[in-house]
Peer 1: 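Got a structure for you, questions after.
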4 protein chains.
Amino acid sequence: MTKVGSNSGSVSGDELKSIVERIERLEEEKQGISDDIKDVYTEAKGRGYDAKVLRRVIAARKMDANERQTQAEVFDLYLAALGML
Amino acid sequence: MTKVGSNSGSVSGDELKSIVERIERLEEEKQGISDDIKDVYTEAKGRGYDAKVLRRVIAARKMDANERQTQAEVFDLYLAALGML
Amino acid sequence: MTKVGSNSGSVSGDELKSIVERIERLEEEKQGISDDIKDVYTEAKGRGYDAKVLRRVIAARKMDANERQTQAEVFDLYLAALGML
Amino acid sequence: MTKVGSNSGSVSGDELKSIVERIERLEEEKQGISDDIKDVYTEAKGRGYDAKVLRRVIAARKMDANERQTQAEVFDLYLAALGML
DNA sequence: CACTGGAAAATGCCGC
DNA sequence: GCGGCATTTTCCAGTG
């Protein structure tokens, strides 16, 4: 049951306000970082890199090496089954 | 575990092909409808309507149809606690 | 300028309604097909296929063969430059 | 054309590495903040708040801050034409 | 033809 | 553990 339900229609404005503001503050920071990331991609693009591929590289690095290998194998297996290899 | 893992590296090409083709067929149809929608927007634009606003009207109506009031009481209560009402 | 702007605040309700309803009708159909696609993925999963990889296979097939090859080469090139190959 | 295409198959590992690492660093920070946000929601939940509603409150405030009234006149006009006001 | 903004897809999370 | 939902990310069309 929620706080709302458990106290008959009254909520501490201060407590709630604090929570909301903390979240909003964090989301601002997060947005700032997202913007920074975007900037780096833009810069990379300016230097001649292909942003799309760059994203795939980052994603690949994030993946555990073994997992990556496994997925690649399954992928090829499916292509082979479809006669595409 | 995936099919791949469970049968030592072999996949029925026919079954997979059937699945893939069904999906591709459906995606084609879907694309066709997307094109139709785009056509309507284009036509509307030709008649002087603002496509951007049109989209917002559609979105608003969808929200209407769905819930619009779901959880609204609790929501208003929170807004009130924040001094926003 | 939009229709709205060009006729001093009046819009033909019938014409607009027709447009909106046509779009909504099409979007319903589209949603239905999306649901169908989801069903096929669910079924495939039930048969042991890895849905994630399946999506990649579909995407690969959609891509022009040459373009795919090019992207793969660039991808490997980047990995090599990073000492990951 | 990408850097790749323009230099016959070779990419400066150092430059690329720098770019990739900057992005990865930023994404780490971003993830950390996401975790912080999640923590706040968890804490709020522990105090009896409904996380789902909280999210809607935050979203509503964001819309407030942004525009809320952008294009609203045209929008209302269309709604009126549709008999929705 | 690059950029912005909006739609679509994919991923991840939370609940049962 | 799985399905549904919300968020995030990716893609694409419209615009200057």
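Everything quoted here is computed from the prediction, not taken from an experiment. Letters go in sequence order (proteins before strands), and every chain restarts at 1.
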Peer 1: Using whole Å, report how far CG of C/Leu26 lies from P of E/dA7.
Peer 2: 16 Å
Peer 1: Hey, is the side chain of A/Lys45 poking within less than 4.0 Å of OP1 or OP2 on E/dC1, counting only N and O atoms?
Peer 2: no
Peer 1: Hey, mind stepping through C/Tyr49 and A/Tyr78 against side-chain contact (heavy atoms from CB on, under 4.5 Å) and telling me if it holds?
Peer 2: CA-CA 10 Å; C/Tyr49 292 97; A/Tyr78 286 1; 3.6 Å; yes
Peer 1: Which whole-number value in Å describes the distance from C/Ile23 CD1 to E/dA7 P?
Peer 2: 11 Å
Peer 1: Using only atom types and a distance under 3.5 Å, with no angle test, would you say the side chain of C/Thr70 pairs donor to acceptor with the backbone of C/Asn66?
Peer 2: yes
Peer 1: Decide if atom CZ of C/Arg68 counts as having more than 12 heavy atoms of other residues, nucleotides or ligands within a radius under 6.0 Å.
Peer 2: yes
Peer 1: E/dA10 phosphate, OP1 or OP2: any side-chain N/O from C/Arg55 under 4.0 angstrom?
Peer 2: yes
Peer 1: Please lay out, stage by stage, how B/Asp36 and B/Val40 fare under the test side-chain contact (heavy atoms from CB on, under 4.5 Å).
Peer 2: CA-CA 6 Å; B/Asp36 290 347; B/Val40 179; 5.7 Å; no
Peer 1: Within the pair D/Lys38 and E/dC13, is there a side-chain N or O less than 4.0 Å away from OP1 or OP2?
Peer 2: yes
Peer 1: In whole Å, I'd like the distance from the NZ atom of D/Lys30 to the C1' atom of E/dG12.
Peer 2: 14 Å
Peer 1: Without decimals, in angstroms, what is the distance between A/Asp50 CG and E/dA2 P?
Peer 2: 13 Å
Peer 1: Over how many whole Å does the gap from D/Asp35 atom CG to E/dC14 atom C1' extend?
Peer 2: 16 Å
Peer 1: How about CG on D/Asp14, more than 12 heavy atoms from neighbouring residues, nucleotides or ligands closer than 6.0 Å, or not?
Peer 2: no
Peer 1: I want to confirm an ordering. Mapping B/Gln31 and D/Ser34 to their closest nucleotides on DNA chain F, which one lands closer to the 5' end?
Peer 2: D/Ser34
Peer 1: With a 4.0 Å cut-off on N to O distance, would you call A/Lys17 and A/Glu21 a salt bridge?
Peer 2: no
Peer 1: Give the first and the last nucleotide of DNA chain F, reading 5' to 3', that has any atom under 4.0 Å from a heavy atom of chain B.
Peer 2: F/dA13 to F/dT15
Peer 1: Do C/Glu27 and C/Gln31 get their side chains close enough for a donor-acceptor pair, meaning under 3.5 Å?
Peer 2: no
Peer 1: Please report the distance, rounded to the nearest Å, between CZ in C/Arg56 and C1' in E/dA10.
Peer 2: 13 Å
Peer 1: Roughly how many Å is it from CD1 in C/Ile58 to P in E/dA8, rounded to a whole number?
Peer 2: 19 Å
Peer 1: For A/Lys52 and D/Tyr41, find the nucleotide of DNA chain F closest to each by heavy atoms; which residue's nucleotide sits nearer the 5' end?
Peer 2: D/Tyr41
Peer 1: Please report the distance, rounded to the nearest Å, between CG in D/Asp39 and P in E/dC14.
Peer 2: 11 Å
